[in-house]
Amino acid sequence: MDLKEIMAVNLRRKRHDLQMTQEELAERAGLSARYVGAIERGDVSASVTVLGQIAEALGVEPGDLLKKVARLTKS
């Protein structure tokens with residue numbers, strides 16, 4: 001998984017944890033909802049500036065959106 005995909009997964013997970021819509025996140029971050037959706041799908045790479053805007057809107061550190069999270073597997 002590349003960084004673009006990792007950010008997409010982490011962004012979507014955090015937004016869902018906060019029960020926030022893409023539209024709400026976009027408004028808080030000063031972005032378009034369409035652009036937020038494209039980032040979440042991994043269609044586009046966010047710039048460092050946009051990463052910062054999204055992280056601030058979610059209340060997390062930018063690096064948290066780029067950390068690879070280990071997935072639990074069922075035994």
Side-chain angles (χ1 to χ4, degrees):
M1 196 180 319
D2 67 13
L3 276 178
K4 182 171 61 172
E5 293 167 333
I6 292 168
M7 181 177 173
V9 169
N10 289 337
L11 169 55
R12 189 170 36 253
R13 181 179 296 131
K14 182 62 178 173
R15 184 176 60 75
H16 285 173
D17 288 349
L18 295 173
Q19 298 180 339
M20 187 183 301
T21 66
Q22 287 182 348
E23 291 78 11
E24 290 169 331
L25 174 58
E27 185 175 322
R28 290 182 187 191
L31 304 167
S32 75
R34 178 173 272 170
Y35 187 48
V36 169
I39 295 169
E40 281 194 8
R41 289 189 305 275
D43 291 343
V44 298
S45 296
S47 68
V48 174
T49 301
V50 169
L51 172 63
Q53 289 172 260
I54 290 171
E56 186 174 325
L58 293 172
V60 299
E61 292 296 319
D64 292 341
L65 295 174
L66 300 175
K67 291 180 182 173
K68 189 170 184 178
V69 178
R71 295 184 183 193
L72 299 176
T73 57
K74 293 184 178 181
S75 303

Q: Could you walk me through whether Leu18 and Leu25 pass side chain to side chain contact (heavy atoms under 4.5 Å, CB included), step by step?
A: CA-CA 10 Å; Leu18 295 173; Leu25 174 58; over 6 Å; no
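- In terms of heavy atoms, Arg28 sits closest to Ala57 at CB-CB, 3.8 Å.
- His16 NE2 to Thr21 OG1: the interatomic distance, rounded to the nearest 0.5 Å, is 9.5 Å.
- Judged by distance alone, with hydrogens and angles left aside, the side-chain atoms of Asn10 form no donor-acceptor pair with the main-chain N or O of Lys68 at under 3.5 Å.
- Within 6.0 Å of CD in Glu56 there are 12 or fewer heavy atoms belonging to other residues, nucleotides or ligands.
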Q) What do the steps show when you test Arg15 against Glu40 for salt bridge (charged side-chain N to carboxylate O under 4.0 Å, His left out), and what is the final call? A) CA-CA 10 Å; Arg15 184 176 60 75; Glu40 281 194 8; 2.5 Å; yes
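- From Arg34, atom CZ reaches atom CD of Glu23 across 11.5 Å, with rounding to the nearest 0.5 Å.
- Heavy-atom minimum distance, Gly30 versus Gln53: O-NE2, 4.2 Å.
- Shown here is Glu24, whose CD atom has more than 12 heavy atoms of other residues, nucleotides or ligands within 6.0 Å.
- Nearest heavy-atom pair across Ala46 and Ile39 is CB-CD1, 4.0 Å.
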(Q) Please determine whether salt bridge (charged side-chain N to carboxylate O under 4.0 Å, His left out) holds for the pair Asp43 and Arg41, giving the CA-CA distance in whole Å, both sets of side-chain angles, and the decisive distance to 0.1 Å. (A) CA-CA 5 Å; Asp43 291 343; Arg41 289 189 305 275; 2.9 Å; yes
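- Two residues are said to be in side-chain contact when any heavy atoms from C-beta on lie closer than 4.5 Å; Leu58 and Met20 meet this criterion.
- The two atoms that bring Gln22 and Ala33 nearest to each other are OE1-O, 4.2 Å, heavy atoms only.
- A salt bridge links Asp64 with Lys67: the distance from a Lys NZ or Arg NE/NH1/NH2 to an Asp or Glu carboxylate oxygen falls below 4.0 Å.
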Q. Can Leu51 and Leu66 be said to form a side chain to side chain contact (heavy atoms under 4.5 Å, CB included), step by step?
A. CA-CA 9 Å; Leu51 172 63; Leu66 300 175; 3.7 Å; yes
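- Residues Glu61 and Ala55 share a closest heavy-atom pair of C-CB, 4.0 Å.
- Across all non-hydrogen atoms, the minimal contact from Gly52 to Pro62 is CA-CG, 4.4 Å.
- A heavy-atom distance below 4.5 Å is not found between the side chains of Leu11 and Lys14.
- Of the possible polar contacts, one joining the Glu5 side chain to the Asp2 backbone as a donor-acceptor pair under 3.5 Å is found.
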